[in-house]
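Contents: one structure, followed by commentary.
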Amino acid sequence: MNLTSFLQDKRLTVALRGEIDHHSAKEVLRVVGNKIDLYLPYTLVLDFREVTFMDSSGIAVVISAVRRMRELRGQVIVQNVPPQPGKVLAASGIERIVKVEEGSCTA
Amino acid sequence: MKYENYMTLEFPSKSANEAFARAAVACFAAQLDPNLEELNDIKTAVSEAVTNCIVHAYRDSIGEILIKCRILPENTLDIVVRDHGCGIEDIAQARTPMFSTGGEERSGMGFTIMESFMTSLNVTSRPGRGTTVHMKRKIVRRGSTD
Ligand SMILES: Nc1ncnc2c1ncn2[C@@H]1O[C@H](COP(=O)(O)OP(=O)(O)OP(=O)(O)O)[C@@H](O)[C@H]1O
Ligand SMILES: [Mg+2]
């Protein structure tokens, strides 16, 4: 899997896309993890604009990114979340550990 | 119980079938004329139930997953997801938010999501014999004007 990413001033933005379920999450996790290791950012931005579906497997992806970024004393921001993944993230109470930026997005 | 339509799906517990299962149930649900949010709630809940069969019930093997859907009176979709896997010892504990036996890749939110996204959730299980997840979702009837 190839995920588009963008680095500026130690702020790494990774554009997630497609359906994030148990089947695809492992690969998303691997790719995001590799990018963190490569760029060692202060801030990781996970952009959900092109995520068409997400279940609880996606929550684990965000949590593991948070864990990895904490080791680097960095932070995670989640942005441009469409309604369906947004509802799953809200149910998990993830706002308590990551910053969810409004970034309006209607699916 | 009286029902108006039904369908049954049977497939092996391969993760590639997760997307297929939730899409198939969503297609069946379409006859109730749900809006996008209702349809997404159903897809999400089915994805949780099916994923649990794959990652927990048949942790180290491939087994059979059965989905039965029925249309009940009052615009209600009835979904049963059944496995013949390891079963659950303590269902109340399993349904607690953030409880998981799945390690790093799981968040323990599956049952919580099924419960909050559906109208009702009922779980029965026999250790060593398997688990049945029974969910219902009432779809709002909308006038033809909106
Ligand atoms: N079909 C099943 N067979 C056996 N055990 C199950 C089954 N479904 C759930 N469980 C047990 O219940 C626990 C809670 O399930 P739940 O779906 O809420 O969380 P999870 O699957 O661990 O994590 P997540 O769904 O967030 O990825 C699981 O960790 C597992 O121990
Ligand atoms: Mg689960």
Side-chain angles (χ1 to χ4, degrees), chain A residues 1 16-34 36 46 48-71 76 78 81-98 100 105-107, chain B residues 11-26 34-59 65 81 94-118 121:
Chain A
M1 178 189 274
L16 305 178
R17 62 181 155 77
E19 304 205 328
I20 305 178
D21 60 7
H22 157 253
H23 183 66
S24 63
K26 213 173 242 148
E27 180 66 4
V28 176
L29 214 60
R30 190 186 65 80
V31 174
V32 172
N34 284 349
I36 295 173
L46 295 174
F48 276 72
R49 192 189 302 272
E50 297 196 352
V51 174
T52 52
F53 174 85
M54 185 188 105
D55 65 17
S56 63
S57 310
I59 300 169
V61 168
V62 176
I63 290 174
S64 96
V66 168
R67 233 179 247 133
R68 186 73 192 86
M69 287 304 296
R70 273 188 189 152
E71 288 168 15
V76 176
V78 162
V81 186
Q84 190 277 336
K87 202 167 169 180
V88 172
L89 287 173
S92 75
I94 203 97
E95 314 83 52
R96 287 190 305 250
I97 60 165
V98 296
V100 180
C105 183
T106 36
Chain B
F11 53 92
S13 59
K14 299 185 175 196
S15 63
N17 286 330
E18 291 159 3
F20 160 73
R22 61 180 178 259
V25 174
N35 66 15
L36 187 60
E37 183 177 11
E38 288 166 332
L39 206 56
N40 279 333
D41 288 352
I42 291 164
K43 278 174 83 172
T44 312
V46 168
S47 197
E48 295 299 342
V50 168
T51 301
N52 280 351
C53 300
I54 294 169
V55 303
H56 303 299
Y58 303 116
R59 198 173 314 139
I65 300 172
V81 180
R95 289 179 66 157
T96 307
M98 288 160 70
F99 174 84
S100 179
T101 56
E104 292 254 313
E105 280 168 31
R106 312 260 52 98
S107 62
M109 292 306 295
F111 279 134
T112 305
I113 288 169
M114 289 182 245
E115 198 170 307
S116 64
F117 286 27
M118 301 298 271
L121 168 71

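- Side-chain contact check for A:I59 versus B:I113: some heavy-atom pair is nearer than 4.5 Å.
- Contacts of B:N17 with chain A are absent, with no heavy-atom separation under 4.5 Å from either backbone or side chain.
- Heavy atoms closer than 4.5 Å to chain A are found in both the backbone and the side chain of B:T44.
- Within the 4.5 angstrom heavy-atom criterion, only side-chain atoms of A:K26, from C-beta onward, approach chain B.
- In A:E50, the CD atom is not crowded: 12 or fewer heavy atoms of neighbouring residues, nucleotides or ligands sit closer than 6.0 Å.
- Using modelled atom types, one side-chain atom of B:E48 and one backbone atom of A:S56 make a donor-acceptor pair closer than 3.5 Å.
- One distance of note links CD of A:Q84 with CZ of B:F117; it measures 7.0 Å at 0.5 Å rounding.
- Distance check: A:I63 CD1 to B:R106 CZ gives 11.0 Å after rounding to the nearest 0.5 Å.
- Atom CZ in B:R22 sits 4.0 Å away from atom CG in A:D21 (nearest 0.5 Å).
- Taken from OG in B:S47 to CE in A:M54, the straight-line distance is 10.5 Å, to the nearest 0.5 Å.
- Checking side-chain atoms of A:E19 against main-chain N and O of B:A19 turns up no donor-acceptor pair under 3.5 Å.
- Side chains of A:S64 and B:E104: a donor-acceptor N/O pair is absent below 3.5 angstrom, by distance only.
- A heavy-atom distance below 4.5 Å is found between the side chains of A:K87 and B:E37.
- Contact of A:A91 with chain B is made through backbone and side chain together, with heavy-atom distances under 4.5 Å.
- With a threshold of 4.5 angstrom between heavy atoms, B:K14 does not approach chain A through any atom at all.
- The side-chain heavy atoms of A:H22 and B:V55, taken from C-beta on, include a pair separated by under 4.5 Å.
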